[in-house]
Amino acid sequence: MDAEAVVEAVQGVVARARTLEEALESTTRVVHESSQKYDWTGIYLMDGAHELVLSRYVGAPSPHTRIPLGEGICGAAASQKGTIIVPDVRADPRYLACSIETRSEIVVPILHGDAVVGEIDIDSHTPHAFDETDRRMLEQVADLLAPRIARAVVTP
Ligand code: SME
């Protein structure tokens, strides 16, 4: 599926979702199924100011259901409020292993204004799996989710 089609599909599922959980679940599925290189696709949400908590995901269960902002690629991307692409996880000391098969990773913060409200995390068994096309597509997906997440957090 090309990037434009993925963004369009996510726009549709987010608009139709009745709850935040449904929006995250459908988005995770659409994104995961859009590329064979995506072997684990998950969305973390901020829990308070200093920790990420795993919400919906597709793939093998991860031991990292809670990640403090100072840890992992996930913590680094949230702290610096910018996307991180890791072409070879074995060469990055920040990497927290989720599966021994993972070789590369992309983490895209979900920003609402200046605040990180969550992030999209994708692992691949293929080294160097992620490029600028993945980044642009996932940053657009993050922008679609941001208001929905912010609204749910402010109005539980
Ligand atoms: N690899 C991530 C941890 C999450 S698992 O990949 C699902 C990290 O280094 O932060």
Side-chain angles (χ1 to χ4, degrees), residues 1 3 6-7 9-10 13-14 17 20-112 114-146 148-150 152-153:
M1 207 190 235
V6 179
V7 173
V10 169
V13 297
V14 169
L20 174 63
E21 288 67 30
E22 208 179 304
L24 299 180
E25 172 109 30
S26 306
T27 299
T28 308
R29 205 185 49 247
V30 167
V31 169
H32 187 79
E33 288 170 1
S34 72
S35 169
Q36 289 189 346
K37 292 181 307 182
Y38 298 173
D39 291 299
W40 189 94
T41 304
I43 296 176
Y44 286 86
L45 297 180
M46 284 302 296
D47 185 15
H50 306 290
E51 201 167 46
L52 291 152
V53 59
L54 182 58
S55 177
R56 296 299 194 263
Y57 66 92
V58 183
S62 168
H64 302 292
T65 55
R66 289 190 163 269
I67 303 178
L69 288 204
E71 291 180 20
I73 310 296
C74 287
S79 301
Q80 69 191 49
K81 300 183 182 182
T83 297
I84 298 181
I85 292 176
V86 181
D88 176 4
V89 295
R90 295 176 186 178
D92 195 319
R94 298 171 299 181
Y95 173 67
L96 296 172
C98 167
S99 152
I100 50 159
E101 289 177 291
T102 298
R103 297 297 312 278
S104 58
E105 177 165 16
I106 185 168
V107 181
V108 178
I110 302 171
L111 292 163
H112 189 250
D114 195 37
V116 178
V117 293
E119 56 190 29
I120 302 166
D121 178 13
I122 305 182
D123 291 352
S124 179
H125 298 172
T126 310
H128 300 265
F130 304 102
D131 60 18
E132 287 306 306
T133 307
D134 299 281
R135 174 208 289 268
R136 271 194 301 275
M137 183 269 277
L138 293 168
E139 288 179 351
Q140 288 181 64
V141 169
D143 286 345
L144 291 171
L145 291 174
R148 191 76 192 228
I149 295 170
V153 170

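Owing to the predicted nature of the structure, the values given are computational and were not obtained by experimental measurement. In what follows, every heavy atom counts, from backbone to side chain, and hydrogens, waters and symmetry copies are set aside. When a ligand or atom number is given, it counts from 1 through the structure's own listing order. The chain is numbered in sequence order, starting from 1.
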**Prompt:** Within the side chain of K81, is there an N or O that forms a donor-acceptor pair under 3.5 Å with the backbone of D114?
**Reply:** yes
**Complete:** shortest atom 9 (O) of ligand 1-to-protein heavy-atom contact is with L96 N, 2.8 Å
**Asked** Atoms of ligand 1 less than 4.0 Å from Y44 heavy atoms?
**Response** 4 (C), 7 (C)
**Prompt:** What protein heavy atom is closest to atom 8 (C) of ligand 1, reported as residue, atom name and distance in Å?
**Reply:** I73 N, 3.3 Å
**Item:** Atoms of ligand 1, numbered as shown, that sit under 4.0 Å from any heavy atom of Y95
**Value:** 1 (N), 9 (O)
**Message:** Tell me whether D134 contacts the main-chain N or O of D131 through its side chain, where contact means a donor paired with an acceptor under 3.5 Å.
**Reply:** yes
**Request:** Give the C-alpha distance, both sets of side-chain angles, the deciding distance and a yes or no for side-chain contact (heavy atoms from CB on, under 4.5 Å) between D121 and E105.
**Result:** CA-CA 7 Å; D121 178 13; E105 177 165 16; 2.6 Å; yes
**Among E119, E105, R94, E71, closest by any non-hydrogen atom to atom 2 (C) of ligand 1** = E105
**Asked** Looking at E139 and R136, does any basic side-chain N land under 4.0 Å from a carboxylate oxygen?
**Response** no
**Fill in**
Ranked by distance from atom 6 (O) of ligand 1, the top protein heavy atom is D123 OD2, 2.9 Å
**Complete:** atom 5 (S) of ligand 1 sits nearest the protein heavy atom C98 CB, 3.0 Å
**Prompt:** What do the steps show when you test F130 against Y38 for side-chain contact (heavy atoms from CB on, under 4.5 Å), and what is the final call?
**Reply:** CA-CA 9 Å; F130 304 102; Y38 298 173; 3.5 Å; yes
**Request:** Heavy-atom distances under 4.0 Å are what count here, so tell me which part of S62 touches ligand 1: side chain, backbone, both or neither.
**Result:** side chain
**Item:** Region of W40 that comes within reach of ligand 1 [heavy atoms, distance under 4.0 Å]
**Value:** side chain
**Asked** By number and element, which atoms of ligand 1 are closer than 4.0 Å to a non-hydrogen atom of D121?
**Response** 4 (C), 5 (S), 6 (O), 7 (C)
**Request:** Answer yes or no: is there a donor N or O on one side and an acceptor on the other, between the side chain of T27 and the main chain of V10, under 3.5 Å?
**Result:** no
**Item:** Under 4.0 Å to a heavy atom of G72 - the qualifying atoms of ligand 1, by number
**Value:** 8 (C), 9 (O), 10 (O)
**Request:** Have a look at ligand 1 and work out which part of V89, if any, has a heavy atom under 4.0 Å from it: side chain, backbone, both or neither.
**Result:** neither
**Request:** Without swapping roles, check the side chain of T28 against the backbone of G42 for a donor-acceptor pair under 3.5 Å.
**Result:** no
**Electrostatic pair E25-R29, nearest N-O below 4.0 angstrom** = no
